[in-house]
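What you are looking at is a predicted structure, and each value in this text was computed from that prediction instead of being measured.
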Amino acid sequence: VVDCTTLIPGLSGSELFGHEKGAFTNAISTRDGALALAHEGTLFLDELGELPLPLQAELLRALQEGTYKRVGSNTWRRAKFRLVSATNRDLAAEVARGTFRQDLFYRVSGWTCRLPPLRERKEDIVPLAEHFFRQQHGIRQPIDRQVFDFLLLHDYPGNVRELQQLVNRIAHK
C-alpha cells in the first residue's frame, strides 16, 4: 500500500522504486520500494490523483515495461504485480487540466468502479455504523433504533469518513 498523499517529491522515487546505499544523504542501507515489495502480488496506490507529474512518468514506465531502477542504481529490475488504485479526483478532468498524464490515465483506468456517495446509498449507513461501533469502540450490543433513525436523517457530504466521525462522537457520549 502506498499513500500518494504522503509522498515527498524528493523522496517519492525511493518509496516506489527503492534506493541503493549512499544514493542520497541518510541512505545508510539498500531499501526495496513498493514495486519490489508488491512483486507477484498487488500494489495499491491510494489517492493516485495526488502523485506528482514527474513521478507519474516514472510510474508509467514501470507499469508498461514491468521494469524499474532503484534510486542511485544503474540496474534494471523486474516487478510483476496487479495494480489497484483509488482517488477522490476526477482523473479525466485532471487530464484535461494538465495535472494528470493522459497516458497514465489510460493505463490505470482499464476498469473503473465509481462508488456513489453515501447519501445515494442509505441502505449502507446502518451496516457501516454497526461496523464502526464494533471495530473502534468494541460495542457489540444492539444499537438503539433511535440512534439509527438519527444516522439515517443525515446526507453525509463527507461520505463514509463523516459517518465514522459521527459514530465516534456518539460512542464517546
Quiz item: Does CZ belonging to F24 count more than 12 external heavy atoms closer than 6.0 Å?
Solution: yes
Quiz item: Do D144 side-chain atoms and Q146 backbone N/O form a donor-acceptor pair below 3.5 Å?
Solution: yes
Quiz item: Just how far is it from atom NE2 of H154 to atom CD of E162, taken to the nearest 0.5 Å?
Solution: 3.5 Å
Quiz item: Can you get from L91 to L63 by hopping between Ile, Leu, Val, Met, Phe, Trp and Tyr side chains that sit under 4.5 Å apart?
Solution: yes
Quiz item: Is L59 reachable from L55 through a run of I, L, V, M, F, W or Y residues, each pair having side-chain heavy atoms under 4.5 Å apart?
Solution: yes
Quiz item: Could you state the interatomic distance from OH (Y156) to CG (L166), rounded to the nearest 0.5 Å?
Solution: 5.0 Å
Exercise. Treat each ILVMFWY residue as a node, draw an edge where side-chain heavy atoms are under 4.5 Å apart, and state whether V108 and V84 are in one component.
Key: no
Quiz item: Within the distance-only criterion (no hydrogens, no angle test), does the side chain of Q56 pair as donor or acceptor with the backbone N or O of R101 below 3.5 angstrom?
Solution: yes
Quiz prompt | CG-CG distance between L104 and L48, expressed to the nearest 0.5 angstrom | solution = 6.0 Å
Quiz prompt | Minimum side-chain heavy-atom gap L151-L163 below 4.5 Å | solution = yes
Quiz item: Would you find a donor on one side and an acceptor on the other, under 3.5 Å apart, between the side chain of R119 and the backbone of P157?
Solution: no
Self-check item: Derivation and outcome, side chain to side chain contact (heavy atoms under 4.5 Å, CB included), residues Q136 and Q164
Solution: CA-CA 9 Å; Q136 297 173 338; Q164 185 176 19; 2.3 Å; yes
Self-check item: Value rounded to 0.5 Å, distance of OG1 in T30 from NZ in K21
Solution: 7.5 Å
Quiz item: Where do D155 and K122 land on the side chain to side chain contact (heavy atoms under 4.5 Å, CB included) test, with the steps shown first?
Solution: CA-CA 9 Å; D155 276 341; K122 295 274 190 183; 3.7 Å; yes
Quiz item: Can R77 and D32 be counted as an ion pair, charged N to O under 4.0 angstrom?
Solution: no
Quiz item: Should the pair R61-E58 be classified as a salt bridge under the 4.0 Å nitrogen-to-oxygen rule?
Solution: no
Quiz item: Are Y106 and L60 linked, directly or through other ILVMFWY residues, by side chains that come within less than 4.5 angstrom of each other?
Solution: yes
Quiz item: Taking side chain as C-beta onward, heavy atoms only, is L45 less than 4.5 Å from L16?
Solution: yes
Quiz item: So which heavy atom on K69 is nearest to which on N74, and how close?
Solution: CE-O, 3.9 Å
Exercise. Any chance you could measure L152, atom CG, to E123, atom CD, to the nearest 0.5 Å?
Key: 10.5 Å
Quiz item: How far apart are the closest heavy atoms of A79 and Y68, and which atoms are they?
Solution: CB-CE2, 3.7 Å
Quiz item: If only atom types and distance count, is the side chain of H39 paired as donor or acceptor with the main-chain N or O of K80 below 3.5 Å?
Solution: yes
Exercise. Return yes if some donor-acceptor pair links the side-chain N/O of H131 with the main-chain N/O of P127 below 3.5 Å, else return no.
Key: no
Quiz item: For the residue pair F81 and A38, what are the closest heavy atoms and their distance?
Solution: CB-O, 3.4 Å
Quiz item: Would F132 and I170 count as a side chain to side chain contact (heavy atoms under 4.5 Å, CB included) if you check the C-alpha gap in whole Å, the side-chain angles of each, and the deciding distance to 0.1 Å?
Solution: CA-CA 11 Å; F132 295 140; I170 291 169; over 6 Å; no
Quiz item: So does F148 have more than 12 non-hydrogen atoms from other groups sitting under 6.0 Å from CZ?
Solution: yes
Quiz item: Hey, is CG on L153 packed in by over 12 heavy atoms from elsewhere, all under 6.0 Å?
Solution: yes
Exercise. Before accepting this row, confirm whether a basic side-chain N of the pair R145/D149 lies closer than 4.0 Å to the acidic partner's carboxylate O.
Key: yes
Self-check item: Common cluster, L128/F150, ILVMFWY with side-chain heavy-atom separation under 4.5 Å
Solution: yes
Quiz item: From N88 CG over to L115 CG, what is the distance, rounded to the nearest 0.5 angstrom?
Solution: 12.5 Å
Quiz prompt | Closest approach of G13 to V71 (non-hydrogen atoms, all atoms of both residues) | solution = C-CG2, 3.8 Å
Practice problem: Step by step, work out the side chain to side chain contact (heavy atoms under 4.5 Å, CB included) result for L53 and F100. | Solution: CA-CA 7 Å; L53 274 170; F100 198 84; 5.7 Å; no
Exercise. Count the heavy atoms belonging to other residues, nucleotides or ligands that lie under 6.0 Å from CD of E120, then report whether that count exceeds 12.
Key: yes
Quiz item: With no hydrogens and no angle check, is any side-chain donor or acceptor of S109 less than 3.5 Å from a backbone partner on F105?
Solution: yes
Quiz item: Do we see a donor-acceptor contact under 3.5 Å between the side chains of T5 and E50?
Solution: no
Quiz item: If you look at every heavy atom in H19 and S14, which pair is closest and at what distance?
Solution: ND1-OG, 2.6 Å
Self-check item: Short N-O contact, R89 and E47, less than 4.0 angstrom
Solution: no
Exercise. Of all the heavy-atom pairs spanning G72 and A23, show the shortest one and how long it is.
Key: CA-CB, 3.9 Å
Quiz item: Do we see a donor-acceptor contact under 3.5 Å between the side chains of R78 and T67?
Solution: no
